[in-house]
Amino acid sequence: MKANLYFIMLLMGFNVVHAQTNLALNATASASASSGGAYGPANWTDGILNGTTFGWVGTDQSFTQPSWMQLSWSQPQQFNRMILYNVGTNFAPPTGNGVVFNGLANLEYWDGTTWQLIQQISGVPGYGAPLQVDFATVTTSQLRIHSFNISGAHNPGFDEWEVYLVPGLQDTIDAALISLNYDNIVSSSGRQLVFNVRVKNNGNQPIVNPEISYEINTNPIFGPHNAVFPVTLQPGQDSLFTHPQQVA
């Protein structure tokens, strides 16, 4: 028996237009643990790329945990893109000094009452390397990167932190089927297929109750059928679902 499954993907328009204003230039930068002057958070918003100064975040156990870095505005701002640059090539660290962000962290915004997760981000290798994250437009007075998850003695440095409202960047919903297998079970009540389906949210906003549509290629064809998975997946999240279907 062969099963053909067709996953329903919802995709809204996606268009990128270069943003004109870096909103971070008007923000106040801070961190859970850092220093000042040439190596403090203010260097994230000075508009200088690959300069001789940068800001670092204390992520070792000797510093405040969980660690964070934050932008704050006096008035709420709207934005949907963040670009975070690793410490630039003009800084030459001692051998073995971990200054490039190579772990995981949560990108979050303040909704006026509590912090809301935008998505989990993953560092990129290389001095001066940019990490660009696009997401559904938020309105907030505070943006932070929180709960750095980095192994070993590592306190990453960042050259610049940019935030934009990109007018042509629409919200996207992109749910992808990333794995599928099924078991063929015969019981006293007949034949049953049990589908194990893993779905991932590749978009920039949450998806709710993803749905699959499938048919079983028998003679005669069985289906099509729909199945709704009762879950909310944040951007970057995936989940495994088990779906039984009686076929005879």
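Values below: all heavy atoms of this structure, side chains included; hydrogens, waters and symmetry mates excluded. The structure displayed is predicted, hence computed values, not measured ones.
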side-chain hydrogen bond (donor to acceptor under 3.5 Å, both in side chains) evaluation trace for Gln70 with Ser72: CA-CA 7 Å; Gln70 182 171 313; Ser72 300; 3.1 Å; yes

side-chain contact (heavy atoms from CB on, under 4.5 Å) evaluation trace for Ser239 with Leu233: CA-CA 8 Å; Ser239 187; Leu233 295 176; 3.8 Å; yes

Asn102 and His154: CA distance, side-chain angles, deciding distance, side-chain contact (heavy atoms from CB on, under 4.5 Å) verdict: CA-CA 9 Å; Asn102 68 347; His154 193 97; 3.5 Å; yes

Ile121 vs Leu131, side-chain contact (heavy atoms from CB on, under 4.5 Å): CA-CA, chis, key distance, verdict: CA-CA 9 Å; Ile121 61 175; Leu131 170 63; 4.1 Å; yes

Trace of the side-chain hydrogen bond (donor to acceptor under 3.5 Å, both in side chains) decision for Asp111 with Gln116: CA-CA 7 Å; Asp111 70 359; Gln116 297 289 343; 3.0 Å; yes

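Side-chain contact between Trp73 and Leu143 is present, with heavy atoms from C-beta onward closer than 4.5 Å. Using a 4.5 Å cut-off on side-chain heavy atoms (C-beta onward), Thr89 and Asn50 make contact. Proximity of Asn106 to Phe148: side-chain heavy atoms (C-beta onward) are nowhere separated by under 4.5 Å.
How far CZ of Phe135 is from CE of Met82: 7.5 Å, rounded to the nearest 0.5 Å. Taking CG of Asp46 as the start and CG of Leu25 as the end, the distance is 8.5 Å to the nearest 0.5 Å. In this structure, OH on Tyr85 lies 9.0 Å from CG on Asp159, to the nearest 0.5 angstrom. Taking CD of Glu160 as the reference point, atom CG of Asn22 lies at 7.0 Å (rounded to 0.5 Å). Here OG of Ser141 is found 11.5 Å from CG of Leu71. Values are rounded to the nearest 0.5 Å.
Summarising the geometry of Asp134 relative to Gln119, their closest heavy-atom pair is O-OE1, 3.8 Å, with the distance given to 0.1 Å. Looking at every heavy atom in both residues, Ala29 comes nearest to Thr45 through CB-CG2, 4.3 Å. Residues Ser34 and Gly40 come closest through the heavy atom pair OG-CA, 4.1 Å. Closest approach of Thr137 and Gln78 over heavy atoms only: CG2-CB, 4.3 Å. In this structure, Asn90 and Gly51 approach most closely via the heavy-atom pair CB-O, 3.4 Å. The heavy-atom pair separating Trp44 from Ser30 by the smallest distance is CZ3-O, 3.5 Å.
A donor-acceptor pair under 3.5 Å is absent between the side-chain atoms of Asp60 and the main chain of Ser62, judged by distance alone. Side-chain atoms of Asn43 come within 3.5 Å of backbone atoms of Ala38 as a donor-acceptor pair (strictly under, hydrogens ignored). A side-chain donor-acceptor contact under 3.5 Å links Thr140 to the backbone of Gln142. For the pair Asn80 (side chain) and Val138 (backbone), a donor-acceptor distance under 3.5 Å is absent. No side-chain donor-acceptor contact under 3.5 Å links Trp56 to the backbone of Val87. Between the Asn86 side chain and the Val100 main chain, no donor and acceptor come within less than 3.5 Å of each other.
Taking the six-membered ring where tryptophan is involved, the planes of Phe241 and Phe229 are essentially parallel, since the angle between them stays under 30° and well short of 60°.
In the hydrophobic cluster analysis, where Ile, Leu, Val, Met, Phe, Trp and Tyr join through side-chain heavy atoms closer than 4.5 angstrom, Val133 is grouped apart from Leu117. Put simply, Met69 and Ile150 are part of the same group of oily side chains (I, L, V, M, F, W, Y) that touch within less than 4.5 Å, one to the next. A continuous path of Ile, Leu, Val, Met, Phe, Trp and Tyr side chains, each step under 4.5 Å between heavy atoms, connects Val57 with Leu107, placing both in one hydrophobic cluster.
Think of Trp110 as one node in a network of Ile, Leu, Val, Met, Phe, Trp and Tyr side chains linked at under 4.5 Å; its network also takes in Trp115.
Side-chain N/O atoms of Asn196 and Thr242 include a donor and acceptor closer than 3.5 Å.
By the side-chain contact (heavy atoms from CB on, under 4.5 Å) test, Asn149 pairs with Leu104, sequence neighbours left out. Applying the salt bridge (Lys or Arg N to Asp or Glu O under 4.0 Å) criterion to Glu108, with sequence neighbours excluded, gives Arg144.
Ile145 pairs with exactly one of Trp161, Phe158, Phe101 by the side-chain contact (heavy atoms from CB on, under 4.5 Å) rule, that one being Trp161. Screening Ser147, Pro66, Ser67, Ser32 for a side-chain contact (heavy atoms from CB on, under 4.5 Å) with Thr59, the sole residue that qualifies is Ser67.
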